[in-house]
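Predicted, not measured: the structure shown is a model, and the values here were computed from it. Each chain gets a letter, A, B and so on, in the order the sequences are listed, and its residues count up from 1.
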Amino acid sequence: MQKPPDAAMTPRPDDGAPRAPTSIAARAMAGLKPAAAAYLEGLNAEQRRAVETTDGPVLVLAGAGTGKTRVLTTRIAHLIATARARPFDILAVTFTNKAAREMKARIGALVGPAGEGMPWLGTFHAIGTKILRRHAELVGLKSDFTILGTDDQIRLMKQVLADQNIDEKRWPARALGHAIDGWKNRGLGPEQVPPGESGAFAFGKGGALYTAYQARLATLNAVDFGDLLLLCLKLWRENPDVLENYQQRFRYILVDEYQDTNVAQYLWLRLLAQGHRNVACVGDDDQSIYGWRGAEVDNILRFEHDFPGAAVVRLERNYRSTGHILAAASGLIAKNEGRLGKTLRTEDEPGERVTISGAWDSEEEARLLAESIESLQAKKHPLSEIAVLVRISAQMREIEDRFVQLGLPYRVIGGPRFYERAEIRDALAYLRITANPADDLAFERIINTPKRGLGDATLQQLHGYARAERIPLLLAACRLVETDELKPRVRSTLRALVESFSRWARAVEKMPHSEVAQTILEESGYTEMWQKDRSADAAGRLENLKEFVRSMEEFPDLAGFLEHVALVMDASEAEGAERVSLMTLHAAKGLEFDTVFLPGWEDGLFPNQRALDESGRAGLEEERRLAHVGLTRARKRAKLSFAVNRRIHGLWSSTIPSRFIDELPEASVDVIEAPAHFSAGASRFDRNPQPFGSSYGTPGWQRAQANTNASNAAGGGRGFGSAPGGRAGARSGGPRQIEGELIAKSTGSASAFLGGMRVFHTKFGPGTVAGVDGNKLTVDFDKAGRKMVLDSFLQPG
DNA sequence: CTCTTAGATTTTTTT
DNA sequence: AATCTAAGAG
């Protein structure tokens, strides 16, 4: 990512003075002069204000689709073009590498060569790394420190827990990792952890474990992701002169996705911004969906307080979605409290309403969804403009199965990342030790991969020796093979391994690093291991390894490559193929598509039960924001769906439509009636309902509607999905739309059922009503236990 | 030490 | 249901 050391940084001949005519900015200006206003021209008044309010703190509240990135890039172009700053005077931080890449590209397009080499445009972590490498000694590191990924962290935590004799069953390493991450996200070092929280883990040892973990990191000359920010804070607090240097250097600061900043990032920014106070944060409180990993919406709500006199610009004109989609999304998000409040508007036509359809089970939902995509495809709708957004990855499987069966091309976005695959991590481990023989974590990872008979016992022995001598594992291995403390067999394999590593380390000096990698993979037997493996994905893994070696060629040296991998866990994806995109709602943030499918809108799944349990109302609001993000990804069509039966952890459960569906404004919604085959050839009572497709008879959902209509007609209410003339419509063939009708109302119509009544459910059998909430009932089933169900699925029993 | 089997574990994701 | 982890047998 940052291969060339920023040559531009070093010469600063005329700090603060007007730019010399030969400066980059001046050349940029010269180039831009004739079209000086060009880059401002397409902007609306609000956007223009966001760009032109250059000095002092600015908060830009940019709703979905309001041109946020455009404002950000134009602002940078404007700063450069008006000679307020040179590219290297500007600090621009993003959260993801993807966002950073995109911004780089767009600035390049706007400013031309002058925008190149913005050395301080990058993710928080990339910039933090860059700063730390320069001042590593001041925080007790060497400048070639390694950056640990999540799995290395866990490995290290396990060791720490073992050292302190803590039962790993009761206090899993993951949990400790979570706690420490949480503290780091909040900017807390080991000594700053509140005593109460420190005591919450492992009988009061939380803080001590944190300290021990940091000590282990230090001896390894390693940092984790949290440290990349936390150590910057430490560096600046303890070295005011260093801080001041950076404060002066960054004349203008820009922050993307400000609503996602955590406390550590906020503190980091605030320290830097105290220099010139030219800080512009762009964000949208309604799109804050990362609260569970430490993001603080409060940061955005508090901005004006922290930066008195801040200008606040609201971008409310949406350029993406049609009227109905926007109305649906706005109506939904309006149910949230505690937001800064924006009203998105569009000048686009109303367009199609958001559709809602139900299915008997998740498999049928997937089938209907795929059919719907096929019919769009038949109408020449490009597949690349269709996305399916799910709440959890587990939903993807059934949908993928369907796509595969139909031969519908698709791609999963944001799946397991390239550098996180086991074979890549293994290969990386080999390279890491070659580059840095003290990398114990990497050594542990591959000492017995491929299997060479060096197991736990040997490793323990090495550990003991290494700790006693205070040397790295590899060196310990070196020494131990010279003694006779090892069994002969172990001794000879270990000796061979040790010798291989020193041979490879020498090879790095005289061979291109990708060739060395190739050699290592072959000589270590790693490639062979996968060649012998006959499992289905072995071929793919070998393919990945090839790609891995090839990708190394793009980097000047091994160290540069390793740093790239540590920070950018992401291999750039091939774009533009004619495929449907499948991803989680989280992964969809920042993207847009003509047509968006949103399956699985069921209570418990979305809003997710766990989010509700863990964070209560705040959790619900975050889920609602997630729904808002999902809807606003759509330009022309949004299609919601839900299933009334879904397999959760392998068990079928009955589900009820998401409460978010009730919250959508009726005027912008169409309910799609069940397709014709739904009610074909009905046997009225299916003793043993088959979850697999509706071909087995009338699905319960449809059957239940008659029931609901009957029971609710008097109260004027309607069951979900019911519509007058349903049967007639069914005969007519394709889906029929009933405009503006319905929407399940859990309020309004009282259910025909009362607490204590005996009832019968087609799936769960007989039971007793325990509670009633509109048409949603809590029932204690004789066999299946307590469940929430829609009254329409129940017969009086 | 390695392989097998029983058991638990199951959101969202970046760096 | 599927997958990963840890304990037990060979």
**Q** Rounded to whole Å, please give me the gap between NE2 in H564(A) and C1' in dT14(B).
**A** 15 Å
**Q** Sugar-phosphate atoms are those with a prime plus P, OP1 and OP2; base atoms are the rest. Using that split, label each nucleotide of nucleotides 1-10 of chain C B, S or - for protein heavy atoms under 4.0 Å, 5' to 3'.
**A** BS----S---
**Q** For a quick check, tell me whether the side chain of R391(A) and the base of dT11(B) share a donor-acceptor pair closer than 3.5 Å.
**A**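 Pair found.
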**Q** How many whole angstroms separate atom CD of Q395(A) from atom C1' of dT11(B)?
**A** 10 Å
**Q** dT11(B), dT15(B), dT13(B): which one has an atom nearest the side-chain heavy atoms of E420(A)?
**A**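 Side chain of E420(A) sits closest to dT15(B).
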**Q** Let's see if you can work this out: which of dT11(B), dT12(B), dT15(B) has an atom nearest to the side-chain heavy atoms of E614(A)?
**A**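 The answer is dT11(B).
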**Q** Do S658(A) and E602(A) have a side chain donor and acceptor closer than 3.5 Å?
**A**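 Per modelled atom types, S658(A) and E602(A) side chains form no pair under 3.5 Å.
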**Q** Does V481(A) offer a backbone N or O that forms a donor-acceptor pair with the side chain of R491(A) under 3.5 Å?
**A**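 Checking the backbone N and O of V481(A) against the side chain of R491(A), a donor-acceptor pair under 3.5 Å is found.
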**Q** Send over the distance from D260(A) CG to dT12(B) C1', rounded to a whole Å.
**A** 13 Å
**Q** Tell me whether R425(A) forms a cation-pi arrangement with Y419(A), defined as NZ or CZ under 6.0 Å from the six-membered ring centre and within 45 degrees of its axis.
**A**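 No; the conditions do not both hold, so R425(A) does not lie above the ring face of Y419(A).
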**Q** Would you indicate what L626(A) reaches in the nucleic acid, counting non-hydrogen atoms under 4.0 angstrom: base, sugar-phosphate, or nothing?
**A** nothing
**Q** Does W292(A) lie flat on the base of dT12(B), that is, centres under 5.5 Å apart and planes under 30° off?
**A** yes
**Q** Do the side chain of N299(A) and the main chain of T261(A) share a donor and acceptor less than 3.5 angstrom apart?
**A**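 Side chain of N299(A) to backbone of T261(A): a pair is present.
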**Q** Counting just side-chain N and O atoms, does T584(A) come under 4.0 Å of either OP1 or OP2 of dT11(B)?
**A** no
**Q** Say whether, by atom type as modelled, one donor and one acceptor occur between the side chain of S288(A) and the main chain of D285(A) under 3.5 angstrom.
**A**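 Absent.
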**Q** May I have the distance from D456(A) (atom CG) to dC1(B) (atom P), rounded to whole angstrom?
**A** 7 Å
**Q** Please tell me if T150(A) has a side-chain N or O lying less than 4.0 Å from either OP1 or OP2 of dT15(B).
**A**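 For T150(A), the contact criterion (side-chain N or O under 4.0 Å from OP1 or OP2 of dT15(B)) is not met.
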**Q** Across the strands shown, which category fits A457(A) at heavy-atom distances under 4.0 angstrom: base, sugar-phosphate, nothing?
**A**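 The answer is sugar-phosphate, as A457(A) gets under 4.0 Å only of primed atoms, P, OP1 or OP2.
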**Q** Taking atom C1' of dT2(B) as reference, at what distance in whole Å does atom CZ of R489(A) sit?
**A** 13 Å
**Q** H586(A) and W292(A): ring-ring contact (aromatic ring centres under 6.0 Å, His included), yes or no, with the steps?
**A** CA-CA 12 Å; H586(A) 284 91; W292(A) 50 272; 5.7 Å; yes
**Q** Under 4.0 Å between a side-chain N or O of S393(A) and OP1 or OP2 of dT11(B)?
**A**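 No, S393(A) has no side-chain N/O under 4.0 Å of OP1/OP2 on dT11(B).
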**Q** More 5' along DNA chain B: R610(A) or R452(A), using each one's nearest nucleotide?
**A**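 Closest to the 5' end, via its nearest nucleotide, is R452(A).
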**Q** Can you label the angle between the Y246(A) ring and the W236(A) ring as parallel, tilted or perpendicular, going by 30° and 60°?
**A**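 Aromatic pair Y246(A)/W236(A) classed tilted.
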**Q** Taking CZ from R624(A) and C1' from dT12(B), how many angstroms apart are they, rounded to a whole number?
**A** 18 Å
**Q** Tell me yes or no: between the side chains of Q159(A) and R216(A), is some donor less than 3.5 Å from an acceptor?
**A** yes
**Q** Would you kindly give the CD1-to-P distance between I289(A) and dT12(B), to the nearest whole Å?
**A**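 Rounding to the nearest Å, CD1 of I289(A) and P of dT12(B) are 13 Å apart.
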**Q** I'd like to compare against my own output: the B/S/- annotation of nucleotides 3-8 of chain B with a strict under-4.0 Å heavy-atom distance to protein.
**A** S-----
**Q** Looking at E363(A) and R647(A), does any basic side-chain N land under 4.0 Å from a carboxylate oxygen?
**A** no
**Q** If you only use heavy atoms from C-beta on, which nucleotide in dT11(B), dC1(B), dT2(B) is closest to the side chain of I392(A)?
**A**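 Of the candidates, dT11(B) comes closest.
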**Q** Quick check: on DNA chain B, is the nucleotide nearest A587(A) upstream (toward 5') of the one nearest V490(A), or the reverse? Name the residue that is more 5'.
**A** V490(A)
**Q** Dump the intermediate steps for side chain to side chain donor-acceptor pair (under 3.5 Å) on N544(A) and E423(A), then the final yes or no.
**A** CA-CA 8 Å; N544(A) 288 339; E423(A) 67 275 18; 2.8 Å; yes
**Q** Rounded to the nearest Å, what distance is computed from the CD atom of residue E623(A) to the P atom of nucleotide dT12(B)?
**A** 11 Å
**Q** Hey, is the side chain of N448(A) poking within less than 4.0 Å of OP1 or OP2 on dT2(B), counting only N and O atoms?
**A** yes
**Q** With distance as the sole criterion, is a donor-acceptor pair present between the side chains of D613(A) and Q609(A) under 3.5 Å?
**A** yes
